[in-house]
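This report refers to the structure that appears directly beneath it.
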Number of protein chains: 2
Amino acid sequence: MNASSGRGPYAKTAEVRRRILEACVDAFGETGFYGATMKDIAKRAGISHTGLLHHFARKEDLLIAVLELRDERSARFLESADAIDPAKHPVEALRGMLTVIVDSELQPGIMELHCVLSGEATSPGHPAHTYFAERYRSVRRFYTDAYTALAERGELSSAADPKTLAAMTLALINGLQAQWLFDRDSVKMESAIHAFLVSAVPGLAR
Amino acid sequence: MNASSGRGPYAKTAEVRRRILEACVDAFGETGFYGATMKDIAKRAGISHTGLLHHFARKEDLLIAVLELRDERSARFLESADAIDPAKHPVEALRGMLTVIVDSELQPGIMELHCVLSGEATSPGHPAHTYFAERYRSVRRFYTDAYTALAERGELSSAADPKTLAAMTLALINGLQAQWLFDRDSVKMESAIHAFLVSAVPGLAR
DNA sequence: CCTACCGATCGGTAGG
DNA sequence: CCTACCGATCGGTAGG
C-alpha cells in the first residue's frame, strides 16, 4: 500500500480516471455530449453515479478531460516523429499525417468520438465549440507551413495556394473518416489521401 | 372556406407542419437529435407540446420528415438543372454541384443540420444511420458516374480512379462545410472545390 | 466512493 | 366521425 508498489490511493485514482475517460470515449462517441448521460458513463466505468461526480463534478469536465487526453496523445506522437516542424521537414510532416490516418482505422472509437463531437460542436453554444475551432485552425496552420515550404522548394504542382491546400487536406481527412464510419469496405482512406497528396506534391510518390 | 381559397383545415395543417419542420431544422441543427426536445421544438413552432404530438406522434417521425423534406428539395433542384444524368452530362453535373455549394452558404442552418446529424448518425443505433449511409452511397454513385463518363472521353487528368475521386469529392465538400461552420472567413469553400475539380478535370476550367 | 435524495424536465398519453 | 389542438399529468430519468 505505498506509491512505489504501483498500488495505493493515487494509483487507484489514476486507474479509475482512465476507466472513466474510456467510458466517455464510448458514450460521447455513440450519442454525443448532449445525448450521453452521467449515469450511463458511471455504469460503463463500473462505478456509481455519485462516484463519478467525485472525480468529475460536471458533465463538461468529462468532455474537457477526454479532449485533453486526445491532445496529449497526439502531441506525444508528433514529438516522437520527425513531423514536429512542418516548415523544416514538410515531406516528413505529410508522411507522418498519412501514418496517423492508417493508424486511426485501428481505433474506430476515437474516430467516432471526433466525428460526433465535431459535428455537435458546430453550434456556437456547444462546450467544445472553441476547442474544435482552434484545433482546425491549428491543423490548417501545420499543413500550410508544410505546403509553403514545399512551394518555396518548387515541389508543389498544384495550382491552389498553400492555405487552400491545407484546408482541402483537413477536409479530405475528416470527410473520408465520416464516410468510412458509415461504410468501412467501400471507402479507402489511405489511397484517397495518398492520391490527393501526390497530385499536389509529386515528390511524395517516391 | 374552400380548398381553392388557400384557407381551410388542409391549408392550416400544411402551414403548421411547415413551421414545425422549420423549428426542427433549428433544434436538431443546434443540439442534434438526442439533444433536441419535443417541448422546445413545439415552443419554436408556436404550438403546444401536445399540439406537436398530434402532427408527429414520435420524435423519430420529426427526424424522418425533416430529412425527407431536404431530399425533396434536392430532387427538385436536380430535376430543374441539367445535372439529372451525370453519365450523359458529367460537366453539367459537376458544375451543378458547385452551384449547390455556393447556394448552401446562404442557408447555414441547413448546413449545420446536415453536419450535426451526420456526425451523430455515425453510430449504428442512431435513427438516421441508414439514411446517411444510403445518402453517401448515392452521392458517391452520382459522382462516380460523372467521373467515369469523363474518363471515357479522356477528359480526366487525375491518377485516381472515378470511384476514389467520387469519395474524395464528397469528403471535400463535407469537410469544408464543417470547417466553414467554425470559421466562415478563413475557409473559401467554392475556390477550394473548384481547385480540386480543375486538377481532376482540366476541361472544367473553361 | 455509496445510499438517499432534490428541482426540473424528458418523451409520450390521458380526458375533453 | 373528422380536424386541430389544450391543460394536466403519467412513470422514469436527467444533472447535480
Side-chain angles (χ1 to χ4, degrees), chain A residues 1 7-24 26-28 30-66 116-117 120 123 125-128, chain B residues 1-24 26-28 30-67 117 120-121 123 125-128:
Chain A
M1 285 287 238
R7 287 178 178 271
Y10 293 141
K12 195 174 179 183
T13 294
E15 161 65 14
V16 169
R17 282 180 61 100
R18 192 191 57 75
R19 282 219 313 277
I20 291 171
L21 295 181
E22 265 180 24
C24 285
D26 294 342
F28 290 149
E30 281 176 25
T31 56
F33 175 72
Y34 296 128
T37 72
M38 298 282 273
K39 280 169 183 168
D40 175 58
I41 291 167
K43 193 183 289 178
R44 287 176 196 254
I47 60 174
S48 71
H49 175 215
T50 44
L52 173 59
L53 287 165
H54 168 75
H55 292 282
F56 298 91
R58 297 172 310 157
K59 200 184 181 186
E60 277 197 35
D61 295 341
L62 287 167
L63 184 64
I64 293 162
V66 82
V116 173
L117 288 182
E120 219 182 13
S123 290
H126 193 280
Chain B
M1 284 289 235
N2 55 57
S4 61
S5 74
R7 289 180 176 270
Y10 294 139
K12 194 174 182 182
T13 294
E15 161 65 14
V16 171
R17 282 180 61 101
R18 194 191 56 75
R19 282 219 314 276
I20 291 172
L21 294 182
E22 264 180 25
C24 284
D26 294 343
F28 290 149
E30 280 176 27
T31 57
F33 175 73
Y34 296 129
T37 73
M38 298 281 275
K39 280 169 184 167
D40 176 58
I41 291 166
K43 194 183 288 177
R44 288 177 197 251
I47 59 173
S48 72
H49 173 215
T50 44
L52 172 60
L53 287 165
H54 169 76
H55 292 282
F56 298 92
R58 296 173 309 158
K59 199 183 182 186
E60 278 196 35
D61 295 341
L62 287 167
L63 184 64
I64 293 162
V66 81
L67 292 175
L117 288 182
E120 217 182 15
S123 291
H126 193 281

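Model, not experiment: these values are computed from the prediction. Each chain gets a letter, A, B and so on, in the order the sequences are listed, and its residues count up from 1.
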**Request:** Please measure how far the C1' atom in D:dC5 lies from the corresponding atom in C:dG15, and state the result in whole Å.
**Result:** 13 Å

**Asked** Judged by atom type as modelled, is there a donor-acceptor pair below 3.5 Å linking the side chain of B:Ser123 to the main-chain atoms of B:His126?
**Response** no

**Request:** Would you indicate what A:Ala36 reaches in the nucleic acid, counting non-hydrogen atoms under 4.0 angstrom: base, sugar-phosphate, or nothing?
**Result:** sugar-phosphate

**Request:** State, yes or no, whether a side-chain contact exists between A:Leu21 and A:Phe56 at a heavy-atom distance under 4.5 Å.
**Result:** yes

**Request:** Would you please test A:Phe33 and A:Leu117 for side chain to side chain contact (heavy atoms under 4.5 Å, CB included) and show each step?
**Result:** CA-CA 7 Å; A:Phe33 175 72; A:Leu117 288 182; 4.1 Å; yes

**Asked** With rounding to whole Å, what would you report as the distance between D:dG12 and C:dA8 at their P atoms?
**Response** 22 Å

**Request:** Please identify each residue that fulfils salt bridge (Lys or Arg N to Asp or Glu O under 4.0 Å) with B:Arg17, with sequence neighbours left out.
**Result:** none

**Asked** If you measure from the Lys or Arg side-chain nitrogens to the Asp or Glu carboxylate oxygens, is any gap between A:Glu22 and A:Arg19 under 4.0 Å?
**Response** no

**Prompt:** Which nucleotide in the set D:dC6, C:dC1, D:dC5 lies at the smallest distance from any side-chain heavy atom of A:Ile47?
**Reply:** C:dC1

**Prompt:** Quick one: what's the B/S/- string for nucleotides 8-13 of chain D, heavy-atom cutoff under 4.0 Å, read 5' to 3'?
**Reply:** B-----

**Request:** Starting at atom NE2 of B:His54, determine the distance to atom C1' of C:dG16, rounded to an integer number of angstrom.
**Result:** 15 Å

**Item:** Distance, rounded to the nearest Å, where A:Leu53 contributes CG and C:dT3 contributes P
**Value:** 14 Å

**Request:** State whether the side chain of B:Glu60 and the backbone N or O of B:Pro127 hold a donor-acceptor pair below 3.5 Å, judged by distance alone.
**Result:** no

**Prompt:** Given Watson-Crick or G-U pairs with both distances under 3.5 Å, what dot-bracket string fits DNA chain D, with | for other-strand pairs and [ ] for crossing?
**Reply:** .....|.|....|.||

**Request:** Using atom types as modelled and distance alone, determine if a side-chain donor or acceptor of A:Thr37 lies under 3.5 Å from a backbone N or O of A:Asp40.
**Result:** yes

**Request:** Flag the pair A:Lys59 / A:Ile41 as yes when at least one side-chain heavy-atom distance between them is below 4.5 Å, and no otherwise.
**Result:** no

